[in-house]
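Below: the structure, in structure tokens.
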Amino acid sequence: MKRLLKWVGYVLGGIVAIVLLIIAGVYAVSGQRINKRYPTKVETVAVPGDSVSIERGHHLVFAVGRCVSCHGDNLAGQTLVDNLLMARLASSNLTRGKGGVGSTYTNADWVRSIRYGVRSDGKPLLFMPSFVFYYFSDADLGTIIAYLNSIPPADSEKAKTRIGPIGRALSLFTDFPLIPAERVPRNTTRPAAVPTGVTKEYGEYLINTGGCRSCHTSNLSGGAKIAGVVSANLTPTGIGKWSEADFMKAIRTGVRPDGRILSAVMPWSDMKYLTDDELRAMWMYLQTVPATQKGG
Ligand code: HEC
Ligand code: HEC
């Protein structure tokens with residue numbers, strides 16, 4: 001009996017040691033990635049001061065980039081998750097109030113963080129979807145910065161970020177976008193600017209800058225599990241039988257043509273500021289993407 005207990009002890013001890021080693025490994029590798037520097041040369045983006053441009057920036061922040069879903073309606077930042085094992089992630093205060101970055105940020109700082117997900121010290125921003133905003137043209141990014149410079153200051157200190165063991169493991173072994181700077185297509189030529197209009201080209205621009213691909217996958221065929229809900233196939237294999245009106249109704253009201261309600265994981269209620277023309281352009285583009293099986 002005593003010998004058996006001893007063996008059980010050895011085995012349990014061995015298992016604990018292996019688990020601790022794995023956790024130590026996960027911390028070491030993820031820590032290295034979180035502390036890695038990304039030297040980033042930023043483009044000079046002109047920041048306009050006229051009211052039409054600021055209004056355009058307002059629209060891009062609310063409707064297209066949906067910055068407010070994470071940074072809050074007053075853009076003063078908020079805690080997004082606070083879980084011991086997962087992470088404490090908070091978005092930044094973008095205003096010029098206390099705790100905000102607006103008072104110290106230069107134009108280059110705005111471009112580096114929004115377009116590349118990199119802080120001024122070269123470290124990556126965590127969970128800030130710059131691989132999506134990379135696609136904003138210089139002109140549009142300029143209006144976003146102009147708008148952010150115009151918002152009223154709000155005081156709010158950002159909670160300290162802390163990534164727990166599960167958050168770290170997810171960032172290593174799954175698609176969880178903890179370090180967006182890794183996914184920004186660097187060292188490639190910038191995509192050409194696309195004129196606004198009800199065109200499939202502008203629809204593609206809105207799909208790219210609207211982050212649809214981060215949940216519906218790069219070819220929009222869906223099949224990714226997001227917070228427990230599988231994203232839909234937006235190619236003609238998935239919604240090819242829908243009409244433009246069906247698409248607009250689904251985004252505006254969260255109700256599909258067959259009456260089924262869309263899960264709140266699909267942020268349709270945050271897309272309410274998109275104009276009808278923008279939705280039409282997106283629909284035009286979706287009709288032209290290659291028909292692909294879900295997850296294909
Ligand atoms: C999915 C959530 C999410 C969305 C959407 C989002 N952000 Fe962020 N953003 C974050 C988080 C989280 C941080 C803090 C990252 C950190 O501290 O590591 C952040 C940080 C930033 C920073 C860096 C500020 C600093 O602390 O230096 C800027 C600038 C910024 N966001 C601008 C924007 C703009 C502009 C948009 C819309 C075009 C936007 N964000 C949309 C989550 C988001
Ligand atoms: C945060 C993740 C996320 C983002 C971002 C997102 N979606 Fe979705 N979307 C989903 C999920 C998940 C579903 C499936 C919902 C369900 O099954 O109830 C879905 C469903 C849909 C549907 C319904 C299709 C069907 O067959 O039922 C449409 C249309 C749609 N999304 C369009 C878009 C567009 C356009 C964008 C970008 C502007 C977008 N989505 C961005 C997660 C997302």
Side-chain angles (χ1 to χ4, degrees), residues 55-75 78 80-81 91 127 129 131-133 135-136 140 144 174-177 194 196-296:
E55 191 43 46
R56 168 83 182 157
H58 174 246
H59 181 70
L60 294 172
V61 162
F62 274 76
V64 180
R66 300 189 304 281
C67 318
V68 284
S69 330
C70 288
H71 287 272
D73 274 345
N74 61 357
L75 296 162
Q78 57 193 2
L80 300 170
V81 230
S91 60
F127 199 58
F131 52 86
V132 169
F133 307 139
Y135 291 95
F136 277 122
D140 276 348
I144 289 175
T174 73
D175 260 0
F176 181 65
V194 184
T196 56
V198 187
T199 61
K200 68 176 187 345
E201 289 77 17
Y202 192 58
E204 178 176 19
Y205 179 76
L206 292 170
I207 296 266
N208 288 341
T209 52
C212 314
R213 293 185 206 272
S214 48
C215 292
H216 290 277
T217 76
S218 55
N219 67 1
L220 298 169
S221 70
K225 210 165 189 183
I226 317 289
V229 183
V230 177
S231 62
N233 184 349
L234 302 184
T235 77
T237 312
I239 56 173
K241 293 205 173 67
W242 289 23
S243 65
E244 180 191 89
D246 291 336
F247 175 73
M248 292 182 54
K249 184 174 167 213
I251 302 282
R252 291 255 181 263
T253 66
V255 181
R256 293 183 178 91
D258 63 8
R260 282 181 307 136
I261 294 181
L262 284 175
S263 142
V265 173
M266 159 67 195
W268 58 268
S269 63
D270 289 342
M271 296 177 189
K272 56 180 174 279
Y273 304 107
L274 289 167
T275 65
D276 284 357
D277 277 356
E278 286 171 331
L279 290 177
R280 278 191 197 107
M282 284 177 164
W283 177 246
M284 277 175 94
Y285 171 65
L286 288 176
Q287 286 178 296
T288 67
V289 303
T292 312
Q293 291 301 321
K294 196 171 195 162

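For clarity, every value in this text was computed on a predicted model and none was experimentally measured.
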### Task
Indicate the ring-plane relationship of F133 and F136, choosing parallel, tilted or perpendicular according to the 30° and 60° boundaries.
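The arrangement is parallel - the two ring planes meet at less than 30°.
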### Task
Quick one: sort the F127 and F176 rings into parallel, tilted or perpendicular, breaks at 30° and 60°.
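Taking F176 first and then F127, their aromatic rings lie parallel (interplane angle under 30°).
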Please give me the minimum heavy-atom distance between [X] and [Y], naming the atom from each residue.
X: G222; Y: K294; value: C-CG, 4.3 Å
X: A281; Y: T199; value: CB-O, 3.5 Å
X: S69; Y: Q78; value: O-NE2, 3.5 Å

If the threshold is 4.0 Å, N to carboxylate O, is there a salt bridge linking [X] and [Y]?
X: D276; Y: R252; result: yes
X: D258; Y: R256; result: no
X: R280; Y: D277; result: yes

### Message
Could you check whether any side-chain heavy atom of M248 comes within less than 4.5 Å of a side-chain heavy atom of M282, counting everything from C-beta outward?
### Response
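No; the side chains remain at least 4.5 Å from each other.
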### Message
Working note: N233 + I239, criterion side-chain contact (heavy atoms from CB on, under 4.5 Å); need CA distance, chi angles, decisive distance, verdict.
### Response
CA-CA 7 Å; N233 184 349; I239 56 173; over 6 Å; no
### Query
Hey, does the side chain of S221 reach the backbone of N219 with a donor-acceptor pair shorter than 3.5 angstrom?
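Here the side-chain-to-backbone pair does not exist.
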### Task
Return yes if some donor-acceptor pair links the side-chain N/O of K249 with the main-chain N/O of D246 below 3.5 Å, else return no.
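Between the backbone of D246 and the side chain of K249 there is no qualifying donor-acceptor contact (under 3.5 Å).
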### Task
Could you check E278 against V64 for side-chain contact (heavy atoms from CB on, under 4.5 Å), going step by step and ending with a plain yes or no?
CA-CA 9 Å; E278 286 171 331; V64 180; 4.2 Å; yes
